[in-house]
A.B. asks: 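Once you've had a glance at the structure underneath, I'll fire off some questions.
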Amino acid sequence: MAALTRLSKPSFTSLSSVSRISRCLYSGIAPEPSSHGASPYSPRLGPKPNLSVKDPKDRNIQWVFLGSPGVGKGTYASRLSNLLGVPHIATGDLVREELAASGPLSKELSEIVNQGKLVSDEIIISLLSKRLEAGGAKGELGFILDGFPRTIRQAEILEGVTEIDLVLNLKLREDVLVEKCLGRRMCSQCGGNFNVASINVKDSNGSPAISMAPLLPPPHCMSKLVTRADDTEEVVKHRIHVYNEKSRPVEEFYRSRGKLLEFDLPGGIPESWPKLLEVLNLDEYKEKQSAAA
Ligand code: AMP
């Protein structure tokens with residue numbers, strides 16, 4: 001309740017939340033100088049990010065994934081997290097965990113989420129701070145943030161406490177986003193994410209044709225599949241509308257700082273994953289993966 005009381009005082013709230021994020025992000029790590037407008041490396045052309053961090057005091061990568069609901073942020077962030085050994089932190093997952101815990105925030109959160117609206121910046125910052133603190137206590141370094149920041153205010157708060165190296169903006173045409181969301185399923189037992197949609201849309205109004213094969217679950221998950229309550233057509237369309245209104249400006253926020261890397265998904269995972277590794281200058285990982293296969 002104390003946290004909730006603090007959250008009702010906006011000016012104090014952001015300071016308190018910021019200092020919590022800050023403490024967590026910088027625990028034991030010397031802050032890097034902030035360089036607005038000058039990213040540590042140019043996502044497109046610059047040298048490769050230093051991904052082979054040996055000294056635990058070195059700071060690991062700090063990336064942000066942007067993109068409309070259903071674009072695949074979770075899928076690609078999770079793959080990169082496994083590949084690079086850096087935590088994948090999805091604020092949507094934090095919200096769903098809070099909902100499942102049936103705590104004091106659950107009722108308020110479920111109404112907001114099920115209508116496809118955004119949770120307040122204060123609540124999201126508080127959930128994220130707690131997650132970062134818990135990760136910091138376990139020795140986690142760096143992050144791939146998925147679903148945060150989603151408003152300019154969140155972006156400003158994040159910028160105030162740490163340096164973001166790269167912002168990946170995943171893009172897909174809107175009719176495909178809706179189909180993908182409607183096809184999403186999760187295994188209620190193992191938590192695996194799948195998609196039963198078989199997408200095949202023709203080119204129209206300058207948008208290229210796109211095909212995506214379904215990502216079917218193994219037989220033992222088949223009977224345990226559930227659909228997210230906010231993946232109905234009406235709510236998905238509203239979430240895309242909210243993204244365009246509140247989160248699209250965040251793309252410009254990072255574009256103007258030279259940190260935004262745009263990535264148009266060419267298709268499903270088999271087509272998109274190798275291309276993504278290529279644009280991220282991670283080809284060496286692709287080679288290692290195929291050598292190990
Ligand atoms: P997602 O799984 O990213 O689609 O998030 C599910 C829901 O959690 C969203 O529709 C929002 O209600 C809430 N949410 C997640 N991240 C944020 C955020 N950064 N700001 C506000 N609300 C969020």
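Every value quoted in this text rests on a predicted model; they were computed, and no experiment measured them. Atoms within each ligand, like the ligands themselves, are counted from 1 in listed order.
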A.B. asks: Short N/O distance, under 3.5 Å, between V119 and ligand 1?
C.D. replies: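 It does: an N or O of V119 is found under 3.5 Å from an N or O of ligand 1.
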A.B. asks: Going by an N to O cut-off under 4.0 Å, is there a salt bridge joining K237 and E174?
C.D. replies: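 Not counted as a salt bridge, because no side-chain N and carboxylate O are separated by less than 4.0 Å.
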A.B. asks: Considering only NZ, NE, NH1 and NH2 on the basic side and carboxylate oxygens on the acidic side, decide whether D231 and R239 come within less than 4.0 Å.
C.D. replies: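 Result for this pair is yes, salt bridge flagged.
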A.B. asks: Yes or no: does R96 have any heavy atom under 4.0 Å from an atom of ligand 1?
C.D. replies: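 It does; at least one heavy atom falls under 4.0 Å.
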A.B. asks: Please report which non-hydrogen protein atom sits nearest to atom 16 (N) of ligand 1, along with the residue it belongs to and the distance in Å to one decimal place.
C.D. replies: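 For this ligand atom, the closest protein heavy atom is T91 OG1, 2.9 Å.
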A.B. asks: Can you check whether G147 has an N/O within less than 3.5 Å of an N/O in ligand 1?
C.D. replies: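 N/O-N/O distance under 3.5 Å: yes.
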A.B. asks: Ligand 1 and R228, any nitrogen or oxygen pair closer than 3.5 angstrom?
C.D. replies: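 Looking only at distances, the answer is yes, because the N/O contact criterion of under 3.5 Å is met.
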A.B. asks: Could you pull out the closest heavy-atom pair between L177 and S68, with the gap in Å?
C.D. replies: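 Taking L177 first and S68 second, the nearest heavy atoms are CD1-CB, 3.4 Å.
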A.B. asks: Identify which of V95, I112, L94 has a heavy atom lying nearest to atom 8 (O) of ligand 1.
C.D. replies: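 Among V95, I112, L94, the closest heavy atom to atom 8 (O) of ligand 1 belongs to V95.
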A.B. asks: Does any N/O atom on R150 come nearer than 3.5 Å to any N/O atom on ligand 1?
C.D. replies: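 Yes.
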A.B. asks: Quick one about T91 and D146 (side-chain donor to acceptor, distance below 3.5 Å, no hydrogens or angles considered), yes or no?
C.D. replies: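 The answer is no; no qualifying pair exists.
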A.B. asks: Under 4.0 Å from any heavy atom of K117, which atoms of ligand 1 are there?
C.D. replies: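 Once the distances to K117 are compared, the set is 10 (O), 11 (C), 12 (O).
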A.B. asks: Regarding R255 and the six-membered ring of F253, is the cationic atom NZ or CZ under 6.0 Å from the ring centre and inside 45° of its axis?
C.D. replies: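 The answer is no; the distance or angle limit is not met.
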A.B. asks: Tell me: protein heavy atom nearest atom 23 (C) of ligand 1, and distance?
C.D. replies: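 Of the protein heavy atoms, I124 CD1, 3.7 Å lies nearest.
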A.B. asks: Inspect the contact between E133 and K130 and indicate whether a charged nitrogen and a carboxylate oxygen are less than 4.0 angstrom apart.
C.D. replies: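 Judged by the 4.0 Å cut-off on N to carboxylate O distance, K130 and E133 do not form a salt bridge.
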A.B. asks: Counting heavy atoms only, which part of R239 comes closer than 4.0 Å to ligand 1: side chain, backbone, both or neither?
C.D. replies: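 The answer is the side chain.
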A.B. asks: Considering only protein heavy atoms, which is closest to atom 5 (O) of ligand 1, and at what distance to one decimal place?
C.D. replies: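 That would be G92 CA, 3.4 Å.
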A.B. asks: Between R184 (side chain only) and K180 (backbone N and O only), is there a donor and an acceptor less than 3.5 Å apart?
C.D. replies: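 No: the side chain of R184 does not pair with the backbone of K180.
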A.B. asks: Which atoms from ligand 1 have a heavy atom of Q154 less than 4.0 Å away?
C.D. replies: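 Under 4.0 Å from Q154, ligand 1 has these atoms: 18 (C), 19 (N), 20 (N), 21 (C).
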A.B. asks: Are the charged groups of R131 and E97 less than 4.0 angstrom apart, N to O?
C.D. replies: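 Result for this pair is no, no salt bridge flagged.
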A.B. asks: Only one of L170, L261, N169, V71 forms a side chain to side chain contact (heavy atoms under 4.5 Å, CB included) with L66, so which one is it?
C.D. replies: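 Of the listed residues L170, L261, N169, V71, the side chain to side chain contact (heavy atoms under 4.5 Å, CB included) partner of L66 is N169.
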A.B. asks: At under 4.0 Å between heavy atoms, which part of H238 makes contact with ligand 1: side chain, backbone, both or neither?
C.D. replies: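 No part of H238 comes within reach of ligand 1.
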